[in-house]
Protein chains: 2
Amino acid sequence: MATIKDVAKKAGVSVATVSRAINDKGYVHEDTRKLIDEAIRELNYKPNEVARSLFNKKSRLIGLILPDIRNPFFPELARGVEDEMQAHGFRLIIGNADEQLDKEIDYIETFKLNNVIGLISASTNAVLSQYKSLSFPLVLLDRTSEEHPSVHADGYAGGRLAARELVNRGSSRITLLKGPVEFQTARDRFKGAVDELYSANVEFDVMTTASFAFQEAEYWAKELFEKYPDTDGVIASNDVVAAAIIHEAHRVGKKMPEELQIIGFDDIPFSQFLYPALSTIRQPAYDMGREAAKLLIKQINGEKLESKRIQLPVQFIERQTTRKGDHHD
Amino acid sequence: MATIKDVAKKAGVSVATVSRAINDKGYVHEDTRKLIDEAIRELNYKPNEVARSLFNKKSRLIGLILPDIRNPFFPELARGVEDEMQAHGFRLIIGNADEQLDKEIDYIETFKLNNVIGLISASTNAVLSQYKSLSFPLVLLDRTSEEHPSVHADGYAGGRLAARELVNRGSSRITLLKGPVEFQTARDRFKGAVDELYSANVEFDVMTTASFAFQEAEYWAKELFEKYPDTDGVIASNDVVAAAIIHEAHRVGKKMPEELQIIGFDDIPFSQFLYPALSTIRQPAYDMGREAAKLLIKQINGEKLESKRIQLPVQFIERQTTRKGDHHD
């Protein structure tokens, strides 16, 4: 069984330096830290982390709560968080709340009890009292709040953009799918699209999709064509729902984009493989994850945040579910 | 701040019972445990888990390592594990190894250091020495090994089935995509398909895809049609790769299924939304996750395992990338 002395010897540094590195107390140069990390790994050295975290009240463990890992948008977010955390020597553990309040609360407690030193939550219930009583920093991801630092994409601009692109490309009977009302991000998107459609004086219907989840997307798609068979343009609440709508449009015999244009939201990896390939409003999921990680690390290090609320831009990705544009902008 | 006495009072049980439940020592009836759990939640009671796990050497925390959460097959596995664990009062934390050896080793260490009481790994490197030195039970998921209990789908039968369906439906110049050689499951699938094609006396080419990852699927798809432009049947290494092949087939103008049949592997949720909808060999991912969780729980509870190696059946899902079958079986 390797000891701290073995690690120090192998890394060519003093025991005190190894101890500083392991316990995250005091300065250790990045290169030195690397040598120590390598030695620890090669020797399979195991400091008693539990005992350590009891006395030092410090670990390098970060928690991440995702609302639904089956929606490919969230794994993208997670990879961004993870890569940034790993680059800074933190460890990330993930909890999947599966859009269930109970599970979300459970994960907050799990992370607390296991002494994480920071939490990033892309959860649906950021107003929970459980988030208020944390003794470590919290960053909200893909969610916003007045109380906590947050990273999100500009949903309002995204909603406007989606509506503008559809109108510019000739849709005149638009159906706007409204995401779950409890998400600020969904509300922002919706508001943006509504504002744009009003100012363009275009007719539209609204259909509410009470969840972003996969298993329900097919249901919304069927309902859409039953309720609004004449629609010639759909602004979907996200790409998963848009994929289901494309599939249903084939079934009912709608030509895309000639008879029906569709715009998604997110740009998940699958969207490019759909047929026709999905035009969508891209959220920079990976970058959002990285930014959230940076914001959390700053807080952990006691640095002052220049901005508590980071908003990243969205972008229209033109593929084949929209017609070639008669660009006015 | 709630105390253990408050919890006992609220749950209508003795402090000793609450203590037994929290510390997982001795028998507590499931119904009583539920009452206690509810009281703990309502009162927001926080036992000092770290101190507890130091003395009791026991927590209810389980670790799960996934190789790549961007491939939708793995979130399905995770949900199965999670639901089963939650039903039995365990907590699950997830690590995403991102197909990187370093990250995988890191997660094993993280879980060890945080006193998980069991580990499920769907990782790519199950032969690692790090898995051998664990002091708690391990179950391999979607992987097999001689040394550890494991749950996997019958890849060999899946490979045979995919080949048989393609041949029965008229493909005669088949391209067989071989998944990463380091996966036993990929080797089993491949062997099954090869055996079937040999015995049916059908010509076939083999192309190796060195990864199952999303970002590379497009590359394999392009390479496929460059190398084998005349192929009329593709057995893809998984559904992600199959999705990319469908997309590429549209681009090069192949009619599916008339000129080209494609069979995937996994049946991820997206496969039904592809166009044409993907015919595939279904692995029961969610059930595999649940079985792995059951196997781990049994070990944690010290029960004898009736079988160390659980193999679940696969199933052909007929959709639109295969012709209507002239069924011989």
Side-chain angles (χ1 to χ4, degrees), chain A residues 40-41 44 46-54 59 61 63-64 66 68-72 74-76 78-79 82-83 86 91-96 98 102-103 105-107 109-115 129-130 133 214-215 217-218 240 243-244 246-247 250 269-270 272-277, chain B residues 40-41 44 46-54 59 61 63-64 66 68-72 74-76 78-79 82-83 86 91-96 98 102-103 105-107 109-115 129-130 133 214-215 217-218 240 243-244 246-247 250 269-270 272-277:
Chain A
I40 287 175
R41 183 163 302 168
N44 201 14
K46 284 177 278 278
N48 185 338
E49 180 138 337
V50 170
R52 226 168 19 82
S53 65
L54 248 191
S59 72
L61 198 65
L64 170 65
L66 298 179
D68 178 11
I69 52 172
R70 299 214 296 179
N71 178 345
F74 295 109
E76 275 305 305
R79 286 190 61 254
E82 200 167 64
D83 284 354
Q86 214 203 13
R91 293 175 172 138
L92 183 73
I93 49 178
I94 301 173
N96 173 38
D98 219 14
D102 269 17
K103 285 195 181 176
I105 292 174
D106 234 44
Y107 276 119
E109 292 305 313
T110 300
F111 290 150
K112 276 186 198 174
L113 294 171
N114 286 281
N115 289 347
S129 63
Q130 278 81 353
S133 58
F214 219 106
Q215 55 273 41
E218 212 169 352
V240 171
I246 291 177
H247 186 256
H250 282 297
F270 256 99
Q272 60 180 305
F273 291 148
L274 294 170
Y275 186 79
Chain B
I40 287 174
R41 184 165 300 167
N44 201 13
K46 287 178 279 278
N48 187 337
E49 179 138 338
V50 169
R52 228 168 17 82
S53 65
L54 248 191
S59 71
L61 199 65
L64 170 65
L66 298 178
D68 178 11
I69 52 172
R70 299 214 295 178
N71 178 345
F74 296 109
E76 275 304 306
R79 285 189 62 254
E82 199 166 63
D83 285 353
Q86 215 204 11
R91 294 175 171 136
L92 183 74
I93 48 178
I94 302 172
N96 174 37
D98 220 14
D102 270 15
K103 285 195 182 178
I105 294 174
D106 235 43
Y107 276 118
E109 293 304 314
T110 299
F111 291 148
K112 276 187 199 173
L113 294 171
N114 286 280
N115 288 349
S129 63
Q130 278 81 356
S133 57
F214 220 107
Q215 55 273 38
E218 212 170 350
V240 171
I246 291 178
H247 187 256
H250 282 298
F270 255 99
Q272 59 179 306
F273 291 148
L274 294 171
Y275 187 79

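Note: hydrogens, waters and symmetry copies are ignored here, and every other heavy atom, side chains too, is used. Predicted, not measured: the structure shown is a model, and the values here were computed from it. Chain identifiers are assigned alphabetically (A, B, ...) following the order of the sequence lines, protein sequences preceding nucleic acid strands; residue numbering begins at 1 within each chain.
Listed by chain and number, the residues in a side chain to side chain donor-acceptor pair (under 3.5 Å) with B:Gln272 amount to none (sequence neighbours excluded).
Note that CG of B:Asp102 and CD of A:Gln86 are 7.0 Å apart. Values are rounded to the nearest 0.5 Å. Taking CZ from B:Phe270 and NE2 from A:His247, the interatomic distance works out to 12.0 Å, rounded to the nearest 0.5 Å. Of the inter-residue distances, the one linking B:Asp106 atom CG with A:Leu92 atom CG reads 11.0 Å to the nearest 0.5 angstrom.
Comment: B:Glu82 engages A:Lys103 in a salt bridge, judged by a side-chain N to carboxylate O separation of less than 4.0 angstrom. A salt bridge does not link A:Arg79 to B:Asp68: none of the charged nitrogens lies less than 4.0 Å from a carboxylate oxygen.
Only the side chain of B:Asp98 comes within less than 4.5 Å of a heavy atom of chain A; its backbone N, CA, C and O stay farther away. Using a 4.5 Å cut-off between heavy atoms, A:Pro269 contacts chain B through both its backbone and its side chain.
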- Task: Take A:Ile69 and B:Ile69 through the side chain to side chain contact (heavy atoms under 4.5 Å, CB included) test and state the conclusion after the steps.
- Result: CA-CA 8 Å; A:Ile69 52 172; B:Ile69 52 172; 5.5 Å; no

- Item | Criterion side chain to side chain contact (heavy atoms under 4.5 Å, CB included) on B:Arg91 and A:Asn114, from CA distance to verdict | CA-CA 11 Å; B:Arg91 294 175 171 136; A:Asn114 286 281; 5.5 Å; no

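Looking only at heavy-atom pairs under 4.5 Å with chain B, the residue among A:Ala244, A:Pro72, A:Gly95 that has the most is A:Ala244. For the options B:Pro75, B:Ala277, B:Ala78, B:Pro276, heavy-atom pairs under 4.5 Å to chain A are most numerous at B:Pro75.
The main-chain N or O of A:Ile93 is never found under 3.5 Å from a side-chain atom of B:Tyr107 such that the two would form a donor-acceptor pair.
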